[in-house]
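Got a structure for you, written out below as structure tokens; questions coming shortly.
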Amino acid sequence: MFGAIKTKNMTAGVEPRPDPEQPGAFLPNGAAAKIGLNRSILDKGWYRIELATRSRVRYTGTCVITVNPAYTSQACNVCKVVDRKSRESQAVFLCTSCKHTNTPT
Ligand SMILES: [Zn+2]
């Protein structure tokens with residue numbers, strides 16, 4: 001597989017949720033929220049960024065390394081411990097093991 005950022009998977013639609021008490025009706029399934037999230041993912045043009053990066057490395061003698069993104073936001077860059085509690089929020093990282101933080105002060 002070429003490329004780690006699978007925006008096609010990330011932007012798959014949500015399943016309809018039939019209402020068991022009203023045949024033919026549907027329950028809220030977060031579709032509107034997902035549409036908004038999909039738009040923001042696709043707006044970034046990740047595929048074009050990856051293509052541009054891969055094109056650039058041919059002229060610089062460097063290389064592109066794709067990384068499995070699983071748990072990368074929970075892993076400490078210093079001690080490598082993975083703990084979901086280290087990620088207090090999307091913006092705040094404080095390692096529960098070595099107290100390393102990447103949060104600007
Ligand atoms: Zn750490």
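Throughout, numbering of the chain's residues begins at 1 and tracks the sequence. Model, not experiment: these values are computed from the prediction.
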> At their closest point, which heavy atom of Glu88 faces which heavy atom of Leu94, and how far apart are they?
Replying inline: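 Where Glu88 meets Leu94 most closely, the heavy atoms are OE2-CD2, 3.5 Å.
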>> Determine whether Ser97 and Cys76 satisfy the following criterion, side chain to side chain contact (heavy atoms under 4.5 Å, CB included), listing intermediate values before the conclusion.
In response: CA-CA 9 Å; Ser97 178; Cys76 177; over 6 Å; no
> Which heavy atom in Cys63 sits nearest to a heavy atom in Val57, and how many Å separate them?
Replying inline: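 Nearest heavy atoms, Cys63 then Val57: C-CG1, 4.2 Å.
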> Of the options Gln74, His100, Lys85, Lys80, which is the one that meets Cys95 in a side chain to side chain contact (heavy atoms under 4.5 Å, CB included)?
Replying inline: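 That would be His100.
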> Can you name the closest pair of heavy atoms from Thr101 and Phe93 and give their distance?
Replying inline: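 Answer, listing the atom of Thr101 first, then Phe93: OG1-O, 2.7 Å.
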> Going through the checks in order, is the side chain to side chain contact (heavy atoms under 4.5 Å, CB included) test met by Thr96 and Ser86?
Replying inline: CA-CA 5 Å; Thr96 54; Ser86 295; 3.5 Å; yes
> Does the side chain to side chain contact (heavy atoms under 4.5 Å, CB included) test come out yes or no for Asn77 and Asn102, once each step is laid out?
Replying inline: CA-CA 9 Å; Asn77 280 336; Asn102 66 353; 5.5 Å; no
> What pairs with Ser73 under side chain to side chain contact (heavy atoms under 4.5 Å, CB included), at least two apart in sequence or on another chain?
Replying inline: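 Side chain to side chain contact (heavy atoms under 4.5 Å, CB included) list for Ser73, sorted by chain: Arg87.
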>> Please enumerate all residues that pass side chain to side chain donor-acceptor pair (under 3.5 Å) together with Thr60, with sequence neighbours excluded.
In response: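 Listed in chain order: Thr62.
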>> Donor-acceptor check, side chain of Ser55 to backbone of Leu51, threshold 3.5 angstrom: yes or no?
In response: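 Absent.
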